[in-house]
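Take a look at the structure below.
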Protein chains: 2
Amino acid sequence: MKDGLAFIAILEALEQASELTELQVLSERLRDYFKVDHLVYHWVSGAGEQYGCGTYDPVWVQRYIEKEYLRVDPVVAGCYQRFHPVDWKMLNWSTKPAQAFQAEAIAHGVGNQGFSVPIRGPSGQFALFTVSHNCDDDTWAEFIETSRRELILVGHYFNQKALEFEPDRAPEAARALSPREVDAMTFLAMGYSRAQVANTLSISEHTLRVYIESARFKLGAANTTHAVARALQHGLIIV
Amino acid sequence: MKDGLAFIAILEALEQASELTELQVLSERLRDYFKVDHLVYHWVSGAGEQYGCGTYDPVWVQRYIEKEYLRVDPVVAGCYQRFHPVDWKMLNWSTKPAQAFQAEAIAHGVGNQGFSVPIRGPSGQFALFTVSHNCDDDTWAEFIETSRRELILVGHYFNQKALEFEPDRAPEAARALSPREVDAMTFLAMGYSRAQVANTLSISEHTLRVYIESARFKLGAANTTHAVARALQHGLIIV
DNA sequence: TATTCCTTCCTCAGAACTGGCGAGGTGTTA
DNA sequence: TAACACCTCGCCAGTTCTGAGGAAGGAATA
């Protein structure tokens with residue numbers, strides 16, 4: 001750690017932040033602390049909703065949203081499937097859309113190097129905390145080596161604050177399912193047919209249907225598949 | 001932070017650990033460092049699979065697994081739905097099964113206080129990093145206040161190592177879906193019927209069926225609902 | 001005590017999904 | 001060039017799910 005005290009000071013400022021706009025300021029302060037070109041927090045969830053703050057060029061951010069680059073961006077795709085923080089070099093940039101995306105990103109000032117920390121929450125909540133910079137591989141590797149811990153920690157604090165300020169997005173108050181409804185959803189998520197679930201739970205298929213329907217209703221789902229998807233996303237079932 | 005250097009030393013030992021058994025030793029070392037009664041890492045995923053290491057009484061661990069307390073434990077249920085680390089006091093212990101569970105846990109030496117960090121990964125991976133202790137509320141609150149950052153960080157390092165040592169459990173090498181298959185799964189997870197999805201993608205319903213079937217095959221799923229559930233769990237679609 | 005929620009059971013018709021058969025075109029890669 | 005994966009389309013028969021009606025007892029809560 002370069003300067004433990006300066007870092008702790010920023011963390012404490014982050015803890016005490018009480019408005020979303022402060023995150024913007026803090027991201028600039030952190031960028032200067034880490035001495036990188038860009039530092040970005042990017043939050044993703046449900047039906048393409050996004051929120052972000054950081055030091056990227058607003059033009060680029062706008063374009064990213066408009067073009068739904070979310071579904072092309074190898075950083076998002078890669079982090080979505082990894083637990084560990086990811087150096088951008090480890091990602092798969094070889095597909096055609098990914099290369100076009102990369103070229104455009106760099107043209108908008110995004111660095112050639114990057115490091116992203118994936119952060120996950122309940123309800124399928126997913127966020128990325130990213131630092132990006134222009135430098136050679138060795139310099140970058142050394143930076144990551146020394147800053148890894150701080151980046152992980154600060155990423156989580158960012159996420160915590162972002163959720164705090166936007167409570168609508170976080171809990172989404174999915175009414176809890178009854179035990180039988182949980183059973184039903186669980187086995188359906190495991191691939192059982194209705195008949196199999198009914199058999200497993202030793203109840204009639206008609207009874208099972210009642211549970212599925214009430215779960216569907218509680219989850220605001222259009223069909224069984226949708227209900228199972230939402231139950232999974234809300235962490236209501238553990239498969 | 002009480003003793004930054006001692007903590008860093010443990011983190012580095014954790015980084016260099018090369019065997020699962022070392023995690024057991026390190027959890028004891030960390031317990032002593034934090035001066036708590038218990039410190040546990042508990043990993044959960046797919047079809048009730050579990051793995052843990054830490055300082056709980058093995059008898060209790062055995063019983064926990066046998067009785068499937070995973071599905072009763074308010075700590076698991078609570079953390080599964082939260083992003084933030086959780087003080088056990090914040091959880092809902094009022095249901096009958098939860099109270100029975102709590103009584104039994106305390107009888108087996110688990111502390112009256114507890115703090116658990118939820119950790120999530122791709123593929124629906126979920127883990128808990130917990131410290132537990134016997135003391136009054138004020139003492140505990142003070143401990144959490146001072147140790148929160150370290151607990152978050154060390155929990156993530158633990159998880160990283162646990163994944164590293166058990167690679168079978170982590171990636172599960174779900175073959176990637178083709179773009180059209182991703183589209184199909186995505187809209188199905190959003191509750192669209194087959195007809196609606198076909199319409200949205202401007203393809204015939206039969207073509208859509210081909211995608212669903214091939215996605216089903218790749219995901220090893222028994223039916224559409226199962227396929228969507230797996231696609232979600234593997235982070236192959238972003239809904 | 002009244003109300004609400006959970007659990008369990010029923011039927012029937014129409015809608016939706018699944019499995020099996022087939023076909024042809026494009027693009028990448030060994 | 002051949003193999004492979006991807007995208008697109010069709011039909012038929014059978015299975016499964018959904019919607020719209022019910023009914024009744026027990027537990028918890030206000």
Side-chain angles (χ1 to χ4, degrees), chain A residues 92-100 173-231 236-237, chain B residues 71 92-100 173-231 236:
Chain A
N92 173 26
W93 296 90
S94 63
T95 69
K96 226 183 313 180
Q99 285 185 338
R175 215 201 319 172
L177 300 179
S178 79
R180 282 314 226 186
E181 287 158 359
V182 171
D183 292 342
M185 291 294 111
T186 302
F187 285 114
L188 288 172
M190 286 163 58
Y192 287 35
S193 72
R194 247 165 44 168
Q196 287 175 311
V197 177
N199 197 42
T200 306
L201 297 177
S202 303
I203 55 176
S204 77
E205 201 175 326
H206 312 103
T207 303
L208 176 70
R209 282 183 54 193
V210 176
Y211 301 143
I212 299 174
E213 301 254 317
S214 62
R216 262 228 322 265
F217 182 73
K218 287 181 185 174
L219 296 165
N223 53 44
T224 302
T225 299
H226 194 195
V228 170
R230 298 194 79 129
L236 299 174
I237 58 177
Chain B
R71 299 184 189 275
N92 174 25
W93 296 91
S94 63
T95 69
K96 225 184 313 179
Q99 286 186 335
R175 217 200 320 172
L177 300 178
S178 78
R180 282 315 224 185
E181 287 158 0
V182 171
D183 292 343
M185 290 294 111
T186 303
F187 285 115
L188 288 173
M190 286 164 58
Y192 287 35
S193 72
R194 247 164 42 168
Q196 288 174 311
V197 176
N199 197 43
T200 307
L201 297 177
S202 303
I203 55 177
S204 78
E205 198 174 328
H206 180 268
T207 302
L208 177 71
R209 279 182 53 194
V210 175
Y211 302 144
I212 298 175
E213 302 250 318
S214 61
R216 262 229 318 267
F217 180 74
K218 287 181 185 174
L219 297 166
N223 52 45
T224 302
T225 299
H226 194 195
V228 170
R230 297 195 81 130
L236 298 173

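Within every chain, numbering begins at 1; the chains are lettered A, B, ... in the order of the sequence lines, protein sequences first and strands thereafter. Being a predicted model, the structure only gives us computed values, none of them experimental.
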query = Do you know which two heavy atoms are closest between B:Ser178 and B:Lys218, and how far apart they sit?
reply = N-NZ, 3.7 Å

query = Mapping A:Ala195 and B:Pro179 onto DNA chain D by nearest heavy atom, which one lands closer to the 5' end?
reply = B:Pro179

inquiry  = Under 4.0 Å, heavy atoms only, any strand: does B:Glu181 hit a base, just the sugar-phosphate, or nothing?
reply    = nothing

query = Below 3.5 Å, does any donor atom in the side chain of A:Arg216 face an acceptor in the base of D:dG19, or the other way round?
reply = no

B:Leu208 CG to C:dG19 C1', straight-line distance once rounded to whole Å = 16 Å

ask   = Does OP1 or OP2 of D:dC9 have a side-chain N or O of B:Ser204 closer than 4.0 Å?
value = yes

request  = Kindly give the heavy-atom pair with the smallest separation between B:Ile212 and B:Ala184, and that separation in Å.
outcome  = CG1-CB, 4.4 Å

task = Answer yes or no: does a side-chain N or O of B:Thr207 lie under 4.0 Å from OP1 or OP2 of D:dC7?
result = no

Side-chain N or O of B:His206 closer than 4.0 Å to phosphate OP1/OP2 of D:dG10 = no

inquiry  = Does a side-chain N or O of A:Thr224 approach OP1 or OP2 of D:dT18 to a distance below 4.0 Å, or not?
reply    = yes

DNA chain C: 5'-proximal contact among A:Lys96 and A:Asn223 (nearest heavy atom) = A:Asn223

key: Presence of A:Tyr211 side-chain N/O under 4.0 Å of C:dT8 phosphate oxygens OP1/OP2   = yes

inquiry  = I need the NE2-P distance between A:His226 and D:dC17, as an integer number of Å.
reply    = 18 Å

query = Once you round it to whole Å, what is the distance between C1' of D:dC9 and CG of B:Leu201?
reply = 15 Å

Interatomic spacing from CZ in B:Arg180 to CE in B:Met185 - rounded to 0.5 Å = 13.0 Å

request  = Would you mind reading off the distance between B:Glu213 atom CD and D:dC6 atom C1', rounded to a whole angstrom?
outcome  = 16 Å

ask   = Quick one: CG on B:Leu236 to CG on B:Leu177, what's the gap to the nearest 0.5 Å?
value = 5.0 Å

query = In whole angstrom, what separates B:Asn199's CG from D:dC9's P?
reply = 12 Å

query = Is any side-chain nitrogen or oxygen of A:Arg209 closer than 4.0 Å to OP1 or OP2 of C:dC10?
reply = no

inquiry  = Can you measure A:Glu205 atom CD to D:dC17 atom C1' for me and round it to whole angstrom units?
reply    = 9 Å

key: B:Ile212 CD1 - C:dA16 P separation (whole Å)   = 14 Å

note = For B:Ala221 and B:Arg230, the nearest pair of non-hydrogen atoms, with its separation, is CB-CD, 4.4 Å

Under 4.0 angstrom between B:Ser178 side-chain N/O and D:dA5 OP1 or OP2 = no

request  = Considering just the side-chain nitrogens and oxygens of B:Arg180, establish if one lies under 4.0 Å of OP1 or OP2 belonging to D:dC7.
outcome  = no

request  = Let me know the distance between CG of B:Leu188 and C1' of C:dT18, rounded to the nearest Å.
outcome  = 14 Å

ask   = Just to confirm, is there a sub-4.0 Å distance from OP1 or OP2 of C:dC17 to any side-chain nitrogen or oxygen of B:Arg194?
value = yes

ask   = Are any of B:Lys218's side-chain N or O atoms less than 4.0 Å away from OP1 or OP2 of D:dA5?
value = no

ask   = How long is the span from the OG1 atom in B:Thr224 to the CG atom in B:Leu219, to the nearest 0.5 Å?
value = 11.0 Å

